[in-house]
Amino acid sequence: MATEAPPAVPSAELATPAVRPQELSFSLPRALHTTAHVHLTFLGNCATIFLATSSPGDSGGSIKPMGSFVYAMPDRTSPKSTISTTLYTSPSSIEYTTRISKILARRFSMPVYVGCSIDPHSMGLEVAEEIEGLTKIVDVITEKWEEHKQEKAGNAK
């Protein structure tokens, strides 16, 4: 009676990651000495974005709250609207996070995950200044999205 050898386990191959997150920093308009930080990853069928701010008064060892985390996707039945779900809530940042996630989901026409610890009220911004900062963040991310789409289209040819 012959015994069969167990099937060989395929060896794992080391591969470099196909997805490279982008880390961006830029000054927020009208928010003196405040820098916005964006961690941006475009995946095949969604995008993940993490937003935070820093200012010269922040100490290097201080722990900041995580902020809110929101999933948003375009509404297939109405192209001008979006659907969002809060995955984690921080009262100080939930409105800002939801607003950014809905705008990006509509612009990208795909689902986005947005984590954000930005609290515009704690920065002492007025509504017009807050909107200007939000517009700057959305414009920078959208610009990177357009670059990503062009790069992806160029690689497909």
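For this chain, numbers begin at 1 and follow the sequence in order.
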Check whether any side-chain heavy atom of [X] sits under 4.5 Å from a side-chain heavy atom of [Y], and report yes or no.
X	Y	answer
Gln22	Lys144	yes
Ile49	Leu51	yes
Glu130	Met123	no
Ser84	Lys102	yes
Ser93	Ser68	yes
Leu28	Ile118	no
Ile103	Val138	yes

Separation between [atom1] of [X] and [atom2] of [Y], rounded to the nearest 0.5 Å:
X	Y	atom1	atom2	answer
Ile94	Thr86	CD1	OG1	3.5 Å
Cys116	Tyr88	SG	OH	13.5 Å
His148	Leu43	NE2	CG	8.5 Å
Met73	Thr85	CE	OG1	8.5 Å
Leu24	Ile141	CG	CD1	8.0 Å
Glu129	Leu134	CD	CG	13.5 Å

Is [Y] reachable from [X] through a run of hydrophobic residues whose side-chain heavy atoms are each under 4.5 Å from the next?
X	Y	value
Val38	Tyr96	yes
Met66	Ile100	no
Phe26	Leu125	yes
Leu87	Ile83	yes
Met110	Val70	no

Do Ser25 and Thr35 meet the criterion of a side-chain donor-acceptor pair at a distance under 3.5 Å?
->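 Distance-only check fails for Ser25 and Thr35.
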Between His37 and Thr53, does any side-chain donor sit less than 3.5 Å from a side-chain acceptor?
->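 Their side chains do not contain a donor-acceptor pair, so the 3.5 Å distance test is not met.
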Between [X] and [Y], is there a side-chain N and carboxylate O pair less than 4.0 Å apart?
X	Y	answer
Glu147	Lys152	no
Lys136	Glu132	no
Arg107	Asp139	yes

Flag, side chain of Ser78 to backbone of Asp75, donor-acceptor distance under 3.5 Å |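 Side chain of Ser78 to backbone of Asp75, a donor-acceptor pair under 3.5 Å: no, none is there.
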Please confirm whether the backbone N or O of Asp119 pairs with a side-chain atom of Ser122, one donor and one acceptor, at under 3.5 Å?
->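 At least one qualifying donor-acceptor pair exists.
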Please say whether more than 12 non-hydrogen atoms of neighbouring residues, nucleotides or ligands are located less than 6.0 Å from CD in Glu146.
->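 Correct, the count exceeds 12.
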Hey, what's the ring geometry for Trp145 with Phe42, parallel, tilted or perpendicular (30° and 60° as the breaks)?
->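 Rings of Trp145 and Phe42: tilted, as their planes differ by 30° to 60°.
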Describe, in one word, how the ring planes of Tyr113 and Tyr71 are oriented to each other, choosing from parallel (under 30°), tilted (30 to 60°) and perpendicular (over 60°).
->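 Geometry flag for Tyr71 against Tyr113: tilted rings.
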Looking only at non-hydrogen atoms, find the nearest pair between Pro74 and Thr82 and report the distance.
->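 Looking at all heavy atoms of both residues, the shortest contact is CA-CG2, 4.2 Å.
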